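In what follows, a single structure is set out as structure tokens and then discussed.
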Amino acid sequence: MAIATVNPTTGSTEMIIESHSAEEVQARIAEAAEAARLLRGTTFAQRAAWMLAAADSLEGQAEGLGELITVEMGKPIAQSVAEVHKCVKAMRFYAAEAEGFLADAPLADPSSVGASRAWTRYEPLGTVLAVMPWNYPLWQVIRFAAPALMAGNSGLLKHASNVPQAALFLDTLFERAGFPAGSFRTLLIGGSEVGSVLADARVKAVTLTGSEPAGRSVASIAADHVKKSVLELGGSDPFIVMPSADVAAAAATAVRARISNNGQSCIAGKRFIVHAEVYDAFAAEFAKLMSELVVGDPLDPATQVGPLATASGRDELAELVEDARALGAQVLTGGTAPERPGFFYAPTVLAGLTEEMRIIQEETFGPVASLYRATDREDALRIANQTTFGLSSSVWTSDALEEEWFTGNLDAGAVFINGMTVSYQELPFGGIKRSGFGRELAADGIREFCNLKTVWKA
């Protein structure tokens with residue numbers, strides 16, 4: 001099977017790479033298993049030194065890697081370079097913090113359990129399989145790999161098939177920095193081969209970021225083999241604007257939230273729920289700003305919105321818009337695919353949405369925003385929680401009581417108040433409902449793939 005890099009700006013094929021054979025896959029799993037054995041015997045200080053060397057290497061290649069990302073999946077070049085630097089920051093964070101996050105925790109009063117000493121400790125699980133998407137081809141991987149390796153695990157990567165160059169770069173990044181050979185290995189395989197890798201006894205756990213169907217499949221296989229899984233399956237995040245909010249600031253931030261990464265972000269604001277008192281002002285400003293965005297070649301620094309990553313993604317987005325339009329939705333701006341090469345779609349704002357429209361429940365992965373009018377805070381909450389997803393959320397208000405009320409009642413893994421959702425290595429990241437389970441980043445993320453062992457001493 002061949003794996004291709006298709007430039008989404010032009011639609012042309014840039015590179016074709018042969019996938020790994022069954023024998024190569026087995027060899028890589030064996031390498032990873034041996035690396036896990038070796039890593040278990042290393043110290044945090046040794047792993048930190050290697051991780052810092054990998055971070056320095058990545059930082060030194062930021063411009064070139066940014067261009068690679070943009071050519072493979074189409075995000076504006078400034079965002080691609082920023083993604084590289086975000087990876088560097090996370091790697092240095094875990095190099096500094098891993099030992100503290102995984103430190104032994106003694107029981108204050110061991111006599112309460114009849115012991116002279118009692119404590120808990122974290123130990124690595126072994127080799128962990130990561131199934132990762134294309135939208136943040138370095139960040140999604142590094143935010144798993146940095147904590148996993150610092151905990152003493154090894155990693156196997158099954159990356160999205162449309163970013164093979166990013167996958168191959170990651171294949172040797174950590175080994176070149178000093179980690180044992182096989183500590184992190186890319187598997188160039190199709191989605192149908194993931195099950196056999198996960199079933200392998202040498203693979204101890206799995207993490208997946210991707211679609212709900214992919215998550216269901218991987219979680220099912222992991223459950224069959226009684227293996228730990230962490231899933232992040234996307235979202236349809238609410239962005240709520242109340243009358244006390246700074247409406248101009250909310251509208252400007254809403255645009256950035258919606259079109260970041262060309263609208264292809266799981267944690268992007270997608271459903272904009274606005275109180276009736278400020279709805280008209282917000283809608284007018286939001287649609288105006290969306291209509292003024294510069295769409296074009298993502299390698300051009302002036303471009304604000306590039307193409308979608310794939311032709312199928314562009315077509316699926318267009319189908320959602322056409323379904324809503326046919327059922328009476330108002331198109332405040334956009335709603336078309338420009339007549340040009342590549343997989344572009346115009347920044348779009350839809351209003352007047354009703355329950356029978358697919359866009360109410362399905363994730364819009366592209367620069368299309370859904371606008372809702374809410375009569376009061378209860379109505380805003382009802383609209384926010386009506387989706388099957390529960391990843392993150394954003395609430396705009398200057399009322400402290402409203403802040404607390406929404407924080408306590410939103411079905412989401414995170415609530416951002418007067419700002420757009422962003423993933424930070426210092427904060428845990430993940431969702432509820434059909435957005436998945438488990439957490440990445442912060443202390444929680446590194447502990448996901450560790451055995452929490454209790455030790456009791458007479």
Side-chain angles (χ1 to χ4, degrees), residues 1-21 24 57-58 60-87 130-142 157-173 176 184-193 209-211 259-265 294-318 337-345 365-367:
M1 182 184 77
I3 299 174
T5 291
V6 177
N7 188 331
T9 303
T10 63
S12 61
T13 299
E14 298 276 336
M15 180 180 293
I16 296 176
I17 300 169
E18 286 301 315
S19 61
H20 288 135
S21 67
E24 287 174 313
S57 173
L58 198 61
Q61 302 174 75
E63 297 299 324
L65 286 171
E67 184 170 337
L68 183 153
I69 291 170
T70 294
V71 169
E72 282 208 303
M73 57 73 58
K75 75 176 64 182
I77 185 64
Q79 294 180 33
S80 294
V81 174
E83 179 178 337
V84 179
H85 288 296
K86 186 170 185 174
C87 292
V131 182
M132 291 291 140
W134 47 261
N135 56 337
Y136 293 93
L138 293 188
W139 170 243
Q140 294 279 11
V141 178
I142 293 297
L157 170 65
K158 191 290 181 206
H159 217 327
S161 58
N162 60 320
V163 288
Q165 293 182 75
L168 288 174
F169 171 82
L170 290 161
D171 180 57
T172 59
L173 171 64
R176 286 184 276 114
F184 196 84
R185 277 288 177 260
T186 286
L187 303 177
L188 294 178
I189 58 176
S192 62
E193 298 172 78
T209 298
S211 68
I259 59 93
S260 178
N261 206 30
N262 302 334
Q264 300 163 122
S265 171
V294 177
V295 179
D297 183 350
L299 288 173
D300 183 344
T303 293
Q304 294 170 290
V305 181
L308 275 74
T310 63
S312 60
R314 188 267 317 277
D315 294 345
E316 288 166 10
L317 188 70
E339 291 291 331
R340 59 178 298 166
F343 314 137
F344 291 85
Y345 199 83
F365 222 55

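All of these numbers come straight from a predicted model, not from anything done at the bench.
Considering every non-hydrogen atom in both Leu299 and Ile77, the closest pair reads O-CG2, 3.9 Å. In this structure, Gln304 and Pro76 approach most closely via the heavy-atom pair O-CG, 3.7 Å. Shown here for Gly306 and Pro298, the closest heavy-atom pair between the two residues is CA-CB, 4.5 Å. Smallest separation of non-hydrogen atoms from Gly342 and Arg314: O-NH1, 3.4 Å. Of all heavy-atom pairs spanning Thr186 and Ala167, the tightest one is OG1-O, 2.6 Å. Val71 and Pro8 get closest at one heavy-atom pair: O-CD, 3.2 Å.
A donor-acceptor contact shorter than 3.5 Å is absent between the side chain of Glu316 and the backbone of Gly313. The closest donor-acceptor contact from the side chain of His159 to the backbone of Pro137 lies under 3.5 Å. Formation of a donor-acceptor pair under 3.5 Å by the Asn262 side chain with backbone atoms of Leu308 is not found in this model. Side-chain atoms of Arg185 come within 3.5 Å of backbone N or O of Asp171 as a donor-acceptor pair.
Within 6.0 Å of CD in Glu24 there are more than 12 heavy atoms belonging to other residues, nucleotides or ligands. The 12-atom threshold is not exceeded at CD of Glu67, counting heavy atoms of other residues, nucleotides or ligands nearer than 6.0 Å.
Taking the side chain as every heavy atom from C-beta outward, Leu317 and Pro367 approach each other to under 4.5 Å.
Side-chain contact check for Gln264 and Asn135: no donor-acceptor pair (N or O, by modelled atom type) lies under 3.5 Å.
Distance check, rounded to the nearest 0.5 Å: CD1 of Ile69 to CH2 of Trp139 gives 12.5 Å. Interatomic distance, CZ of Phe184 versus CG of Leu157, reported as 4.5 Å (0.5 Å rounding). Rounding to the nearest 0.5 angstrom, the gap separating the OG atom in Ser19 from the CG atom in Leu187 is 11.0 Å. Considering CG of Leu138 and CG of Leu68, their distance stands at 8.0 Å, rounded to 0.5 Å.
For Arg176, the side chain to side chain contact (heavy atoms under 4.5 Å, CB included) partners two or more places apart in sequence, or in a different chain, are Ser57, Gln61, Phe169, Thr172, Leu173. Residues forming a ring-ring contact (aromatic ring centres under 6.0 Å, His included) with Phe344 (at least two apart in sequence, or on another chain): none.
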*Test side-chain contact (heavy atoms from CB on, under 4.5 Å) on Val6 and Asn162 and set out the steps.*
CA-CA 7 Å; Val6 177; Asn162 60 320; over 6 Å; no
_Intermediate values then yes/no, side-chain contact (heavy atoms from CB on, under 4.5 Å), Tyr136 and Ser265_ = CA-CA 8 Å; Tyr136 293 93; Ser265 171; 3.5 Å; yes
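Listed by first then second residue, pairs satisfying side chain to side chain donor-acceptor pair (under 3.5 Å) with a partner in residues 68-80 read Thr5-Glu72, Thr70-Ser80, Lys75-Glu83, Lys75-Asn261, not counting sequence neighbours.
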